[in-house]
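First comes the structure, then the notes that go with it.
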Amino acid sequence: MPDPVGTPLAARDRGLVWHPYAPLDGPEPYAVEAASGVRLRLVAADGETFEAVDAMASWWCAVHGYRHPVLDAAAHEQVDRFSHVMFGGLTHEPAVNLAERLTAIAPGPMAHVFFADSGSVSVEVALKLSLQYQAARGRPARQRFLTVRGGYHGDTFAAMSVCDPVDGMHSAFPGALARQVFAPRPPAARLVVGADGEERWELDRSAVELWAVEVRGLAAAHTDELAAVVVEPVLQGAGGMHVYHPDCLRVLREVADDHGLLLVIDEIATGFGRTGRLFASEWADVSPDVICVGKALTGGYLTLAAVLTTRRVGEAITRSAFRALLHGPTFMANPLACAVATASLGLVEEHWKDDVPRVGRLLAQHLAPAQGLVHVADVRTLGAVGVVQLDSPVDVQAVTRAALRRGVWVRPFRDLVYTMPPYVCTDDEVRVVAEAVVAAVAEVHG
Ligand code: PMP
């Protein structure tokens, strides 16, 4: 509805529209006036305007930036054909093209694709699929999931149940969430990239071994109840931007094999090059049974996620009593989203190998001075992700505004100011992002 008296958008929004994890009377959001290239034009509630590099890539999604000509063209072309059709009993080229492309690039021999409409829903589908797989193999009692603490897999109910039980939303919905089996968080590790590009992991080997013993013990104790292992590979995102060693993923693969569990890898945040591998599972050379992808799948243009699985799992489902995977959202395989996703994958494949290490190297270089700040507990990078961890919770409003004044949009959470900028950022833009993060932390937290 047009507003005749010119009330600022943020004021019209406030109390009317819910924002992620924010109270209705929370701080007013910034209004987006335009988004182009790697920049957002934002208007604050007090009228101040900002041109800012989007250091968040809209929460991992906009890896090619905004208004990318190739993605815009793909969207326009598909709009001119058709924007949406139901997927029950129908198919279309955008879906088949994308499924072929995804199975071709995915780690491991993925043979089947289920298109879901968001990351959380894809996790639901992956968990359902695991239960159906176990039931099909005559093990219907296997209804629980083994996961690690510190994880984040989405906001729907089954997805929430495998999120960290303390920092997730378990306390808000006691009794409503399935009770899963939680192993400790995999011990922290650090990837050091030398000037020559050589990669070296720093880790506490004995901590990994102790962790592995605990995981194996838990799996053995719960074998008959467990359907699958569910985990984010190498980088836990919303659960704390925690980097762990690929060996831990190998341990989880072994545990899954030893106990007849599926290994479900949540690549929703890590997929499409972000961690320095096309998929983070590749750090461990692990072949998952099920992979969830989302976020950057469409280059951030439209909501779309996918669940990929192997021929073995597909065959088991087909031989089961139900024969089908029991899910079918209205907007399944939305043609617009699929068309843009295929175009986005083309760009990813063309550019990520150059851009991700370049962005990562610059982030590591220009975030390093944060190490010297009194309240900074850790600075780490992995691929094109940079993290500054404080020793106490971030003053989100103040750090956001301080970064905006330096031309950068960040959205800190808990004790973390972090960035995963679009891959297309120039060297200068990456430097601006990192310097703004360091300066904003210094200004607000000293
Ligand atoms: N898994 C991971 C690892 C994620 O980072 C997210 C989103 N932050 C999700 C699942 C849920 O995806 P969505 O928000 O699209 O439902």
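Residues take their numbers from the sequence shown, with the count starting at 1. All ligand and atom numbering here is 1-based and tracks the order in the structure. None of these values were measured; they are calculated from a predicted model.
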Looking only at side chains, do His112 and Thr309 share a donor and an acceptor under 3.5 Å apart? no

Note: Glu282-Arg277 ion pair, threshold 4.0 Å (strictly below): no

In the protein, what heavy atom is nearest to atom 15 (O) of ligand 1, and what distance, to one decimal place, separates them? Gly119 N, 2.9 Å

Going by the atom numbers of ligand 1, which of them fall below 4.0 Å from some non-hydrogen atom of Glu232? 3 (C)

Return the closest protein heavy atom for atom 5 (O) of ligand 1 as residue, atom name and distance. Lys295 CE, 3.4 Å

Salt-bridge contact Asp354-Arg358 (side-chain N to carboxylate O under 4.0 Å): no

For ligand 1, which atoms, with element, lie under 4.0 Å from some heavy atom of Gly154? 10 (C), 11 (C)

Can you sort out which atoms of ligand 1 are near Ala269, meaning under 4.0 Å from one of its heavy atoms? 5 (O)

Part of Tyr152 with heavy atoms under 4.0 Å of ligand 1, whether side chain, backbone, both or neither: both

Checking Val215, Val229, Leu226 against Val181 for side chain to side chain contact (heavy atoms under 4.5 Å, CB included), the one that qualifies is Leu226

May I ask you to identify, for Ser120, whether its side chain, its backbone, both or neither come under 4.0 Å of ligand 1 on a heavy-atom basis? both

Test of ring centre spacing under 6.0 Å for Trp409 and Tyr30: yes

Assess, by modelled atom type and distance only, whether the side chains of Ser344 and His64 contain a donor and an acceptor separated by less than 3.5 Å. yes

What I want to know is whether Asp266 and ligand 1 share at least one N or O pair that is separated by under 3.5 angstrom. yes

Does only the side chain of His153 get under 4.0 Å from ligand 1, or the backbone, or both, or neither? Count heavy atoms. backbone

Are the ring centres of Phe87 and His92 closer than 6.0 Å? yes

Ser118 neighbourhood, listing ligand 1 atoms whose heavy-atom distance to it stays under 4.0 Å: 15 (O), 16 (O)

